[in-house]
Every structure is written in C-alpha cells, then in structure tokens.
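To start, the structure under review is shown below, and the notes come after it.
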Amino acid sequence: MSDSMHSMILRRMTGRQAGDAAEMPLTSSRAVRLALTKAANDTIDLVLTVIGMGEETQPLDDLLGVLDDNLMLIGLQRAGQLVGLTALDVQLRAAMLEMQTIGRLIAAKAEERPATRTDKSMCDPVLSAFLSAFPTVTVGTEFDGWADGVGLGDRIDSSRAAGLMLADQDYRILRLSIDLGMAERQGQMLIALPLSKPQPMAETAPCENADWATLFQAAVADAPGELDALLHRLRMPLSEAQDLQVGQVLPLLGCTVNSVRLLSQDGQKVAQAKLGQLGGMRAVRVEPAPLPQLHDLSGAARSAMPPLATGSETASEQLIGDIGDFTQPAGLDEQSDDLMASEDDDAGDLPMASMDLEAISLSD
C-alpha cells in the first residue's frame, strides 16, 4: 500500500470518528441531570450534582406506596389539570432555603420536619426552571414529549390526598439522587407523570348554524365561580391578637357544624351549609337555612312585659297591632345570623366548638 493511500485512509477514519463524536445524541439520563443542575445554578446559585437516576413504571397505588410522609408533594399540571406530582425530601428543601436566606449551605444535615407553604414557595424557582428546560433538553430521547406543557401546581398535603386527585393509570417515575456538595448532605427528588404522551387536541370546525344566545349561555354557565365557606367571625382586642401562638385553641362560642355560610366574592351570603368531610377531605353540604330557635322567657322577662289591654280589644288583637306597627330596619337579614349567634351565646343552649389556630393561618 502506497503512502498516499495510507494517509487518505487515516484521514477518513479520523474524520468519521470526529463526526460520530459530534453527532452522538444526548442520553435521556444526562439530559435530565443537566437540566436540573443548570436550573439550580441559574436561579439560586446552588451547585449540585445528580449522582444517580432511576426510572420505573408503576400504577397509581404503587406510586402512592413509595411516597414518604416527610416528602413535600407538589402537583404537576398540564392545561390546568393535575396530571402528576414531584416530591422533594427535607435535605433538598433545606438546601434551597439556605441558599436564598444565608447564601450558603450549612455543613450539618437538616432535621426531619413536615413541609410548609414557605418551603414550597422557596423551591418554586428551581422547579419551574427545571420543568421549563426539560422538554428542550430531552428532544430526541425517550423522554421526548413526556413532560411537554407541564408546570407547577399547588402543594399536596399527603399521599392520601394525591390518590384522590390523580387519575388511576400507569405513571413513569424518575428518582434523582443529588449530591449537594457538602459532606453527608444528599437530597432526593421524584417526578411522576403519566406514561403516555399527551395527545394533541383535534381542531373542530366552527358550526355555521350556531345560535349566539345558546353559545353565550353555555359560556356563562361554564364560567368559574368562587365561594368562600365562612364558619365563624371572631372579634378580639389587638393586644390579644398579637399574643396568639401556634397551637393555641380559641373557643368559637355559639358555633356548630351547621353554622357554615357560603359567601360570594363581594361578601354576600349565597347559601347555608353544614361542615363535614368527603373522602378524607374537608367538605360542606348545602342545606336549607335553619328555622329560628324559640326559647321560654325567664320569670324576670315575663314580669317586665307590659300588661295586655282588656275590654273590647282582645289580647291577641293588641299583640297583632303592636307587630303591625313594627318596621324591620334595612339590612337586618344580613345580620340575623350574627344576632342569633350572640343571643344563643348568652342563653348557653348551643354546644361550644373550637378550632385549632394552626388550621387557620399560623401554621406556616
């Protein structure tokens, strides 16, 4: 073989090897690692390394069985619908909090504790950036299209609540083991989304004979309406409110499970309801307004009543005449429930209820 031919073969081999290296596709595992690493570094300057990633497919029941109680569960939404979840352990949550509060990681491991709404808010920047980058970096891999259009939802209280909200189907689960760059500090992250890719919605041709009035009524009927469930209103001095502590219990005098009122956004009463639960979650049931309660007058109250007239005008006629002269002030209906509650407080006929402040607003 001549020297010129030998040189040409070497150049071809070298060029082919260089081309193969340049065109080597990014693996799905490496794509996910790069997406999370870049999201943490770009948003909160957290330097982390994904040291391991596992993938498995499980039905919903098996997925719920692997969710530890100390994990923070956050829903994943697509087109406004809950389709999956992500879970972070306490070490990863603590690292994100430390970088945004003191600017560095603490050498000691974080203590186990339940997740709070503050934890979720502090982790949102990293998770949002990660989910935004995921579809781009996974193009051409087996994860291509799997997480398209997915965004963060609300925090999920428990695995039981997740089981009530997620569809019963097979889920692809990614488990990420994360080195936080400090001795003995490693975090865990889990992502679960339906195994099947989202199907594009078929375009429907507009109906030429559509009735405008019918379409308008359907659009109004589908409009969202928000109602607030009000159990009780409590007044207290500002000095007492400033001394409230987490875990303190306040008595709700005159309040029962039947005291719930559904209010519109402008504060108008829409319906009466009863407090209960459905599927392990708090719920209210709309019920007719309770009938007014009549109580016997005490001896002192009866003696204070004016005597009824005698003669041609009977007692019943006099009483009806007094009632006929009474004019109900405007707005009394809106205050009737509060007035009845205060009168019942004095009578002491209703049982006393209480509510934990942690469930109201002071837990986080």
> Any donor and acceptor pair, going by atom type alone, linking the side chain of Thr86 with main-chain N or O of Leu190 inside 3.5 Å?
Replying inline: yes
> For Ile191 and Leu76, what are the C-alpha separation, side-chain angles and deciding distance, and is it a side-chain contact (heavy atoms from CB on, under 4.5 Å)?
Replying inline: CA-CA 9 Å; Ile191 306 170; Leu76 298 179; 4.1 Å; yes
> Of all heavy-atom pairs between Val270 and Ser264, which one has the smallest distance, and what is that distance?
Replying inline: CG2-N, 3.8 Å
> Does Leu60 belong to the same Ile/Leu/Val/Met/Phe/Trp/Tyr cluster as Leu174, with side-chain heavy atoms less than 4.5 Å apart forming each link?
Replying inline: no
> So, does Thr27 use its side chain to make a donor-acceptor pair with the main chain of Arg30 at under 3.5 Å?
Replying inline: yes
> What are the two closest non-hydrogen atoms of Leu64 and Ser159, and how far apart are they?
Replying inline: CD2-O, 3.5 Å
>> What verdict does the side-chain contact (heavy atoms from CB on, under 4.5 Å) test give for Leu244 and Leu250, after you've listed the backbone C-alpha separation in whole Å, the side-chain angles of each residue and the deciding distance to 0.1 Å?
In response: CA-CA 10 Å; Leu244 294 177; Leu250 295 179; 4.2 Å; yes
> Glu98 and side chain to side chain contact (heavy atoms under 4.5 Å, CB included): which partner among Leu180, Leu105, Ile44?
Replying inline: Leu105
> In Å and rounded to the nearest 0.5 Å, what is the CE to CZ distance from Met182 to Arg104?
Replying inline: 8.0 Å
>> So, taking the atom named CG in Asp61 and the one named CG in Asp168, what distance separates them when rounded to the nearest 0.5 Å?
In response: 6.0 Å
>> A quick test of your reading: do over 12 heavy atoms of other residues, nucleotides or ligands sit less than 6.0 Å from CD of Glu111?
In response: no
> Under a 4.5 Å cut-off applied to non-hydrogen side-chain atoms, are Asp243 and Met236 in contact?
Replying inline: no
> Does Pro194 offer a backbone N or O that forms a donor-acceptor pair with the side chain of Trp146 under 3.5 Å?
Replying inline: yes
> Got a donor-acceptor contact below 3.5 angstrom from the Thr49 side chain to the Ile51 backbone?
Replying inline: no
>> Using a 3.5 Å distance criterion without hydrogens, assess whether the side chain of Asp119 forms a donor-acceptor pair with backbone atoms of Thr116.
In response: yes
> Which is it for Arg33 and Ser29 under the side-chain hydrogen bond (donor to acceptor under 3.5 Å, both in side chains) test, yes or no, and what are the steps along the way?
Replying inline: CA-CA 6 Å; Arg33 296 166 190 252; Ser29 175; 3.0 Å; yes
> Can you check whether Asn70 reaches Asp89 side chain to side chain, under 4.5 Å on heavy atoms?
Replying inline: no
> Any link between Leu97 and Met99 through a network of hydrophobic side chains (Ile, Leu, Val, Met, Phe, Trp, Tyr) touching at under 4.5 Å?
Replying inline: no
>> Under the criterion side-chain contact (heavy atoms from CB on, under 4.5 Å), I'd like the reasoning laid out for Leu48 against Asp179: C-alpha separation, chi angles, the key distance, then a yes or no.
In response: CA-CA 6 Å; Leu48 54 80; Asp179 184 5; over 6 Å; no
> If you take all heavy atoms of Val126 and Met96, which pair is closest and at what distance?
Replying inline: CG1-CE, 3.8 Å
> If you group Ile, Leu, Val, Met, Phe, Trp and Tyr by side-chain heavy-atom gaps below 4.5 Å, do Met72 and Ile173 land in one group?
Replying inline: no
>> Does Asp69, at its CG atom, have more than 12 non-hydrogen atoms belonging to other residues, nucleotides or ligands within less than 6.0 Å?
In response: no
> For the atom pair CZ (Phe134) and CG (Leu34), what is the distance rounded to the nearest 0.5 Å?
Replying inline: 12.0 Å
> CG of Leu46 to CD of Gln100: how many Å apart, nearest 0.5 Å?
Replying inline: 9.5 Å
> Do other residues, nucleotides or ligands put more than 12 heavy atoms under 6.0 Å from Glu184 CD?
Replying inline: no
> Just by distance, do the side chain of Asp62 and the backbone of Gly65 share a donor-acceptor pair under 3.5 Å?
Replying inline: no
>> Using every non-hydrogen atom in the two residues, find where Gly84 and Leu193 come nearest and quote the distance to one decimal.
In response: CA-CD2, 4.1 Å
> What is the minimum heavy-atom distance between Leu131 and Gly151, and which atoms define it?
Replying inline: CD1-C, 4.0 Å
>> What I'd like to find out is whether the side chain of Met53 reaches to under 4.5 Å of the side chain of Arg175, using heavy atoms alone.
In response: no
>> A side-chain contact here means heavy atoms from C-beta on lying under 4.5 Å apart; do Leu152 and Asp124 qualify?
In response: yes
> Has Glu56 got more than 12 heavy atoms of other residues, nucleotides or ligands less than 6.0 Å from its CD?
Replying inline: yes
>> Between Val137 and Val150, is there shared hydrophobic-cluster membership here, with clusters defined by ILVMFWY side-chain heavy atoms closer than 4.5 Å?
In response: no
>> Could you measure the distance from the CD1 atom of Ile156 to the CE atom of Met165? Nearest 0.5 Å is fine.
In response: 4.0 Å
> Could you walk me through whether Gln188 and Gln91 pass the side-chain contact (heavy atoms from CB on, under 4.5 Å) check?
Replying inline: CA-CA 8 Å; Gln188 301 291 328; Gln91 300 303 326; over 6 Å; no
>> To check you understand the geometry: which heavy-atom pair defines the closest contact between Leu82 and Gly75, and what is its length?
In response: CD1-CA, 3.5 Å
> Is there a donor-acceptor contact under 3.5 Å from the side chain of Ser128 to the main chain of Pro125?
Replying inline: no
>> If we ignore hydrogens and angles and just use 3.5 Å, is the side chain of Arg185 paired with the main-chain N or O of Ile106 as donor and acceptor?
In response: yes
> Within a radius of less than 6.0 Å around CD1 of Ile102, do more than 12 heavy atoms belonging to other residues, nucleotides or ligands occur?
Replying inline: yes
> Does Gln245 offer a backbone N or O that forms a donor-acceptor pair with the side chain of Gln248 under 3.5 Å?
Replying inline: yes
>> For the CD atom of Gln186 and the NZ atom of Lys109, what is their distance to the nearest 0.5 Å?
In response: 8.5 Å
> Shared ILVMFWY cluster between Met122 and Val90, side chains joined below 4.5 angstrom?
Replying inline: no
